[in-house]
Every structure is written in structure tokens, then in C-alpha cells.
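Reading through the C-alpha cells given below for one structure.
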Amino acid sequence: MRKDKQVAETLAMLVAMGVKRGASDIHIEPHERFVLVRYRIDGSLRGIHKLPRDSLSGVMAQLKTLADLNVNETRAPQEGTYVADAEGGHVTVRVATMPVFGGEKAVLHLSIRRGAPPALADLGFWGKGLQTLQHVLTSPAGLVLVAGPRHGGTATTLFSMVHALNSPLVSIATVETQRKHRLPGVNQTYLGDSSAMTMSTGLRAALKQDPNIIMLGDVPDSDTAAQAVHAATSGHLLLSGMHADNSVRAVLRVRAAGIEPFLLITCLRASVGQRLVRTLCPDCRERYALSRDEQRELAESFGITGANAYKRIYELESQAAPAIFGDVKQLNSTPTSITHLWRPSEAGCDTCDRSSYVGRTAITEVLENTSALHKLLMDRDMHAVPTIQTAAIKEGFIPMGLDGLIKALRGQTTITEVLRAVHTVA
């Protein structure tokens, strides 16, 4: 009995530690001599605890009991959930087990019941992109896409938009794939793990409630895409997440679902692309001057060619300075070059728990539906992404890679983080 109590206390401690450190999930992994516990914090796994090897069976049994799983089943994967108390609140723990060499591995996905989401400006939007989003959200009807990879922050961006639009004067319905925020006054539907409702049937049911605004967590198939476009052309403002590489690919994916180009042109207001990058600790980050070789490598990595490219970077950094780390006055670019960047401290500090990073921010792009995009989308030949991006850039579009470069210049993140997220500027 005492051993069971110790196991329960250990699990409670692991979850509490995960919540305190802002972890999205906890990995419990069997190794030959110990059980390794790793936390995913700011997108990266960190090994923090080692449990005795003989504790694995007790930990797994306790997890399965809490999540209402079959304790005796060890050769097949299982999934379940339970609610834990941590840091003075409730956290939903989704447990996923998997047989591996040496026993079973468990991953605990933590869903903290949060309040109001942050404002768009606090997520990483600024300048023309933020102005475009704020403008399109005033539209009474239309389609706004938010594209990114899984765990790329798209759900938070959608919730921030809904929160900005929430008012007693409008009816808002959501069909969600993740439980992230509970918004008073919003009619939220969570699909969960049940197959009883799909995104398509959820959207169809929501439309019968006659809402003004609808938020979808994803557009997984052509049927959902067709319904979403129909809703956006019939008086509803529809905000939707989408698994796509960037803003342009999100639009092309909707087009490829069989949507007629004239319908897409009519309803599309904007398409957002985003990725998450780790933010440098403001207390210990280091500014350094670039050597000629580093300047050349940077130009190659980001496709910076010619005087106009450097001039644009300088102008954008000047615009971003008040919005991104506005307390840092000095600029790190000139009209002809990039002179300085920021890097993490090797030792870190107490603020960042010696990791040199604190939290994450989004690097973003906002593609507005303009006349240039109209012409390309009306063409029956599907245009390549660079063709659309080139046309959009002439109208002021800032690609994700360039947005990331500006944030690296302002000391918010590093060039390494940006390149890891987007590889190159298209």
C-alpha cells in the first residue's frame, strides 16, 4: 500500500513539474538501468529525472488505472485521459502507451485549462501583417486561413482572433481539435477522440445554429473545404486552421480540393502562415558583430542579393524596432549590410533556468487577397508557390523567413532557430 502511495505521489510530482515548467508533454521511457523522464519545453525535449528501473511497472499500472486503461495489457498501445490537480488548477492529461524494447513507454500530453488567449501582437504579429489581420477581421463574412505544422501555434492564433471578435452582439461557434481555451460567450464544440462527429459533420451542425462567426480547427478533406467556402460566401466569417507549409500552400490546398477559383477569390480574405521558434532569454542573450564570412553565409542562407534587399531589411527592422524588443534602441542592420546578431549565452542565467531560452514566439506571414492573387488563382494552371510569392512580395508581402530574420535582428530569437523552422526564404 505504501509503495502504491509513493508511485501516485511520484506521478503527481512529475505532472506538477511539467505544468510549472510549461511542458507540453512528458515522456516516460524505459532504459536498461533506469527510467528516463523527459519534458518537452518550448518544443525541445529535456531529460530531467531518472527513476529506478524497477519502478516502471508500478508507474505504468498507476497511469493505466488513472486513465481507465487495461492494466494487464502490455503488448498493445492504449490511450486514455484523466484530470490532475497541479499549480492550483486542473490539467487534462492524455496518456498514450506503447510497447518498446525494455517494457512500455508512456507519453503524457498536458492540456492546461487556460483563460483568455494572448493578443495577436503578443503572438508575434507586427507591422503590415498585423494591420492586415486586424482589417480582415472587421469583415462581416469571408474566409481566413491559418496554416502551420502540428504544434505550430495555429490553434492559439485562431483563439486569439476569436477572442478579439467576441462580443454580446455576435454568435460565435467553434469546432475544435484541441482543448486550449475556454472562452465565455463562445459556443465551443470539441471533437475529442470519438468518431461520432467529424469536422465536416460538426461544421454542418454549427451552420444550422446560424452563427455569425465560425472557427474550425482544421480542414481535413474536400467536403469540409467545400462547406467552409460555402459558409464564407453566404454571410459567415469563417476562421480555419490548416496543415500546410505556408500561407500560399494553404490557399493552393483549398483550390486543389476542387473549389472553383471564382468562389475562392470571392470569399478569401487572408491566409496566414506561421512557425514557432524559441525566444532568447532577454537577461542573458549576447549581441555580437558579424565577420565578413558570417555576413556572406547569412546572405546565402536567406537569399539576400543586391542593394535593394539590404535596404528593405533595414527599413523593416526600423519599423519593427518599437514593436519587437522596443527597449533595445540600436539597429543591427544598415541600408547596405547586416552588422550584428544575437546568440544564446553559454551559461544561461536564473531567469531561463540555464537554458538561454524563455518561451516561444511565432514567425509569421500574412498573405492578403489582392488583385495580383486574383489573376493567378483564376488561371486554371496551378501556379508554383514562388510565382505567387513573387507577385505578393511586390505588394508588400513579408515571407516567414524574412519575418524571422527581422526578429533575429531584434534579439528575439536566433538565426539558427529561424533556419531550423523555415530552412530558407522562398
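Every value quoted in this text rests on a predicted model; they were computed, and no experiment measured them.
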Would you confirm whether [X], through its side chain, and [Y], through its main-chain N or O, come within 3.5 Å as a donor-acceptor pair?
X	Y	value
Asn332	Leu409	yes
Asn166	Pro184	yes
Ser44	Ile41	no
Arg269	Cys267	yes
Arg410	Pro322	no
Thr154	Ala147	no
Lys407	Val418	no
Glu365	Asn246	no
Thr201	Thr198	yes
Glu317	Leu331	no

Partners meeting side chain to side chain donor-acceptor pair (under 3.5 Å) with Asn187 (sequence neighbours left out)
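Partners of Asn187 under the side chain to side chain donor-acceptor pair (under 3.5 Å) test: none.
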
Where [X] and [Y] come nearest, the two heavy atoms and their spacing:
X	Y	answer
Ala231	Leu207	CB-CD2, 3.7 Å
Trp342	Ala408	CD1-O, 3.4 Å
Leu276	Gly153	CD1-N, 3.8 Å
Gly401	Val422	CA-CG2, 3.9 Å
Pro30	Phe101	CG-O, 4.3 Å
Ala76	Thr97	O-OG1, 4.3 Å

What verdict does the side-chain contact (heavy atoms from CB on, under 4.5 Å) test give for Ile388 and Leu373, after you've listed the backbone C-alpha separation in whole Å, the side-chain angles of each residue and the deciding distance to 0.1 Å?
CA-CA 7 Å; Ile388 295 178; Leu373 185 59; 3.7 Å; yes

Kindly compute the distance separating [atom1] ([X]) from [atom2] ([Y]), expressed to the nearest 0.5 Å.
X	Y	atom1	atom2	result
Thr157	Gln274	OG1	CD	3.5 Å
Met199	Asp223	CE	CG	12.5 Å
Leu298	Ile338	CG	CD1	4.5 Å
Arg312	Ile398	CZ	CD1	6.0 Å
Leu264	Met378	CG	CE	10.5 Å
Glu417	Thr279	CD	OG1	9.0 Å

Does a side-chain heavy-atom distance below 4.5 Å link [X] with [Y]?
X	Y	value
Ser371	Glu395	yes
Arg343	Ile415	no
Leu402	Leu405	yes
Met13	His49	yes
Thr224	Leu216	yes
Pro344	Arg278	no
Leu183	Pro117	yes
Asp353	Asp350	no

Has Asp221 got more than 12 heavy atoms of other residues, nucleotides or ligands less than 6.0 Å from its CG?
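Yes.
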
Other residues, nucleotides, ligands: >12 heavy atoms within 6.0 Å of His230 NE2
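No - once you tally the heavy atoms of other residues, nucleotides and ligands closer than 6.0 Å, there are 12 at most.
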
Please step through side chain to side chain donor-acceptor pair (under 3.5 Å) for the pair His90 and Asp85, ending with a clear verdict.
CA-CA 5 Å; His90 300 293; Asp85 295 324; 2.8 Å; yes

Which residue is it: Glu104, Glu73, Glu79? I am looking for the one with a salt bridge (Lys or Arg N to Asp or Glu O under 4.0 Å) to Lys64.
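The option that passes is Glu104.
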
If you apply the rule side-chain contact (heavy atoms from CB on, under 4.5 Å), what do you find for His135 with Thr132, and how did you get there?
CA-CA 5 Å; His135 173 69; Thr132 299; 5.7 Å; no

Where do Ile313 and Ile406 land on the side-chain contact (heavy atoms from CB on, under 4.5 Å) test, with the steps shown first?
CA-CA 7 Å; Ile313 290 169; Ile406 299 303; 4.1 Å; yes

Step by step, would you call Asp218 with Thr177 a side chain to side chain donor-acceptor pair (under 3.5 Å)?
CA-CA 8 Å; Asp218 187 21; Thr177 54; over 6 Å; no

List the steps, then state whether side-chain contact (heavy atoms from CB on, under 4.5 Å) holds for Val251 with Leu377.
CA-CA 9 Å; Val251 176; Leu377 289 178; 3.9 Å; yes

